[in-house]
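In what follows, a single structure is set out as structure tokens and then discussed.
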Amino acid sequence: MLEMLSRHISREIKKSDPESTVSLEVLEYAIGIRLNFIATLILTAILGVLTGHFHETILALAAFVAVRKFSGGYHLKSLTLCAIISSLLFAWIPLIRIQEEHTVFLTLLSCIIFILFSPNIMEDLNPSKWDPYMKLISTTIVSSNLLINSPILGLAFFAQALLIIPWKGGEPT
């Protein structure tokens, strides 16, 4: 669904500006990424309201997105499926009750995974000045939860940690 909408919008933009040097595929990709984020944000917010954990659900999304920016990870092939599964994950995280020592354990385990595998970016589409520091930044973000000790952050970071492990198959970013 998001792919079709992205394709439609990019074709309409290209139709209105046929002289543009941006290819249809690049335009479609960029629009798709933005639509995916908007859909995930809206679905997450709705699910947060429905579960009565709006702030915690948004916190899970923000933590996940913040560390993912610097760590990469696997993507689903469908933007629509990604938005749905991600939103369900972010809404589910606040419903999981874990004890303080489990939060510390999950955070330490996540730190180890980030040290070993971050960043898991196979295609360097947009190299930046941050590239040499991505492992340090992502690990620092995760390790900050050793001070905060938030179960929501611990679970969000652990979910992202699982996505940077180079499992057989899958599609890294």
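Since this is a predicted model, take the numbers as computed values, not measurements.
The distance from atom OG of Ser6 to atom CD1 of Ile33, rounded to the nearest 0.5 Å, is 9.0 Å. From Thr40, atom OG1 reaches atom CZ of Phe64 across 9.5 Å, with rounding to the nearest 0.5 Å. Separating the OG1 atom in Thr51 from the CD1 atom in Ile93 is a distance of 12.0 Å, to the nearest 0.5 Å. Considering CD1 of Ile31 and CZ of Arg7, their distance stands at 11.5 Å, rounded to 0.5 Å.
Other residues, nucleotides and ligands contribute over 12 non-hydrogen atoms within 6.0 Å of the CD atom of Glu12.
No donor-acceptor distance shorter than 3.5 angstrom exists from the side chain of Thr103 to the backbone of Ser150, with no hydrogens or angles considered.
Residues Phe157 and Val104 are members of separate hydrophobic clusters, defined by side-chain heavy-atom contacts under 4.5 angstrom among Ile, Leu, Val, Met, Phe, Trp and Tyr. By the rule that hydrophobic residues join a cluster once side-chain heavy atoms approach within less than 4.5 Å of another member, Leu89 and Val142 end up as members of one cluster. Residues Leu76 and Leu43 fall into different hydrophobic clusters, defined by Ile, Leu, Val, Met, Phe, Trp and Tyr side chains chained together at heavy-atom separations under 4.5 Å.
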Walk me through it: do Leu162 and Gln160 pass the test side-chain contact (heavy atoms from CB on, under 4.5 Å)?
-> CA-CA 5 Å; Leu162 294 176; Gln160 173 55 18; over 6 Å; no
Can Cys82 and Asn36 be said to form a side-chain contact (heavy atoms from CB on, under 4.5 Å), step by step?
-> CA-CA 8 Å; Cys82 174; Asn36 176 264; 3.8 Å; yes
Go through the steps to decide whether Ile165 and Asn120 satisfy the test side-chain contact (heavy atoms from CB on, under 4.5 Å), and finish with yes or no.
-> CA-CA 8 Å; Ile165 297 172; Asn120 185 354; over 6 Å; no
Verdict with reasoning, Phe90 to Leu47, per side-chain contact (heavy atoms from CB on, under 4.5 Å) | CA-CA 9 Å; Phe90 303 140; Leu47 291 171; over 6 Å; no
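In this model, no donor atom of one side chain and acceptor atom of the other lie less than 3.5 Å apart for Ser118 and Ser71.
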